[in-house]
Amino acid sequence: MYVIFNGYGDEIARSEDMPDLAFDLSGLDELDKPRDERDPWPTISAVDPYGNAVSVTTNRDGEGLFERLPDGGGYQQLAGTLQYHMPRSESSAQYALRRRYLDMFVRDESMVEAMRQADADAEMERRTEELWPL
């Protein structure tokens, strides 16, 4: 069983199967164009049925990992040009987005229950220390 979270860490769904992602891989086409005709920030993205979105943005050479700044005024580098290269095939791009999606929004049910138990144990310990300080 998979537990799906939103970007704020709130549980939004549980599912036996991984949610299907809708992919936008148009950024891969940019990397096939001559360098001077490319978009300076090619992006590929995916969104799940709940509205959770992931993306990968790189520079016009397909090197480095960037994210758009919240104010929309530019980009911030997350990984260097030697550390990250944009996948060139559709299947490897989908794999990269799926991995990013899993890291950001999906947890195994047993992991979620273990985290909840650890939180409950920590709360019980905190309350015990309040009642009977050492």
Side-chain angles (χ1 to χ4, degrees):
M1 172 83 59
Y2 298 101
V3 181
I4 314 301
F5 293 87
N6 63 17
Y8 302 105
D10 302 321
E11 181 179 325
I12 56 175
R14 288 181 181 241
S15 175
E16 290 293 329
D17 300 315
M18 284 297 289
D20 289 331
L21 299 178
F23 295 99
D24 175 4
L25 304 179
S26 58
L28 293 180
D29 298 335
E30 288 296 318
L31 298 176
D32 291 333
K33 295 178 181 177
R35 187 180 187 285
D36 294 340
E37 296 174 18
R38 295 178 188 167
D39 181 326
W41 303 105
T43 300
I44 57 174
S45 62
V47 64
D48 73 5
Y50 311 105
N52 292 326
V54 294
S55 64
V56 172
T57 300
T58 188
N59 65 18
R60 74 178 64 221
D61 294 317
E63 300 170 341
L65 180 62
F66 298 82
E67 74 177 356
R68 189 158 190 95
L69 295 173
D71 64 6
Y75 290 85
Q76 173 181 333
Q77 189 168 12
L78 302 176
T81 58
L82 296 177
Q83 297 165 327
Y84 186 84
H85 292 273
M86 175 76 87
R88 295 299 178 120
S89 71
E90 282 189 18
S91 61
S92 60
Q94 288 174 347
Y95 176 79
L97 289 167
R98 196 171 284 112
R99 287 295 312 253
R100 195 164 171 88
Y101 173 79
L102 290 172
D103 289 344
M104 292 177 69
F105 300 113
V106 180
R107 298 293 177 266
D108 183 78
E109 183 180 43
S110 61
M111 179 192 294
V112 172
E113 297 310 319
M115 291 184 327
R116 286 192 178 136
Q117 185 60 51
D119 289 345
D121 292 347
E123 179 63 17
M124 181 62 77
E125 186 175 320
R126 185 189 66 75
R127 288 183 180 185
T128 302
E129 287 176 7
E130 282 179 1
L131 294 172
W132 298 289
L134 296 177

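All residue numbers refer to positions in the sequence shown, counting from 1.
Under the 4.5 Å side-chain heavy-atom criterion for Ile, Leu, Val, Met, Phe, Trp and Tyr, V3 and M104 are members of distinct hydrophobic clusters. Hydrophobic clustering of Ile, Leu, Val, Met, Phe, Trp and Tyr side chains at less than 4.5 Å, counting indirect connections, unites L97 with F105.
Residues forming a ring-ring contact (aromatic ring centres under 6.0 Å, His included) with Y84 (at least two apart in sequence, or on another chain): none. Checked against ring-ring contact (aromatic ring centres under 6.0 Å, His included), Y2 has no partners two or more places apart in sequence or in another chain. In this view, Y75 and W41 satisfy the ring-ring contact (aromatic ring centres under 6.0 Å, His included) rule, not counting sequence neighbours. Not counting sequence neighbours, E16 has no partner by the salt bridge (Lys or Arg N to Asp or Glu O under 4.0 Å) test.
Listed here is the closest heavy atom pair of D39 and E30: N-OE1, 2.6 Å. For the residue pair A93 and I44, the shortest heavy atom distance occurs at CB-CD1, 3.8 Å.
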Residues 46-60 side chain polar contacts: donor-acceptor under 3.5 Å, at least two apart:
from : atom 1 : to   : atom 2 : distance (Å)
D48  : OD1    : Y50  : N      : 2.9
D48  : OD1    : G51  : N      : 2.9
D48  : OD1    : N52  : N      : 2.8
D48  : OD2    : N52  : ND2    : 3.1
D48  : OD2    : Y101 : OH     : 2.6
N52  : ND2    : F5   : O      : 2.9
T57  : OG1    : T43  : OG1    : 2.9
T58  : OG1    : E63  : N      : 2.9
T58  : OG1    : E63  : O      : 3.1
T58  : OG1    : G64  : O      : 2.8
N59  : OD1    : D61  : N      : 3.0
N59  : OD1    : G62  : N      : 3.1
N59  : OD1    : E63  : N      : 2.9
N59  : ND2    : E63  : O      : 3.0

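Using a 4.5 Å heavy-atom threshold, the side chains of L65 and Q83 count as separate. Side-chain contact between L102 and M18 is present, with heavy atoms from C-beta onward closer than 4.5 Å.
The stretch residues 9-40 participates, sequence neighbours left out, in no ring pair (Phe, Tyr, Trp, His ring centres under 6.0 Å) pair at all.
The local environment of CD in E67 is crowded, with over 12 non-hydrogen atoms from other residues, nucleotides or ligands closer than 6.0 Å. Within a 6.0 Å radius of CZ in R68, other residues, nucleotides and ligands contribute more than 12 heavy atoms. Residue L82 qualifies as open at atom CG: its count of foreign heavy atoms under 6.0 Å is 12 or below. Few gaps surround CG on D32; more than 12 heavy atoms of other groups in view lie less than 6.0 Å from it.
Here the side chain of R107 pairs a donor or acceptor atom with the backbone of D103 at under 3.5 angstrom. Side-chain N or O atoms of R38 include one that pairs as donor or acceptor with a backbone N or O of K33 at under 3.5 Å.
The line from OG of S45 to CZ of R100 is 11.5 Å long, rounded to the nearest 0.5 Å. Atom CD in E123 sits 4.5 Å away from atom CZ in R127 (nearest 0.5 Å).
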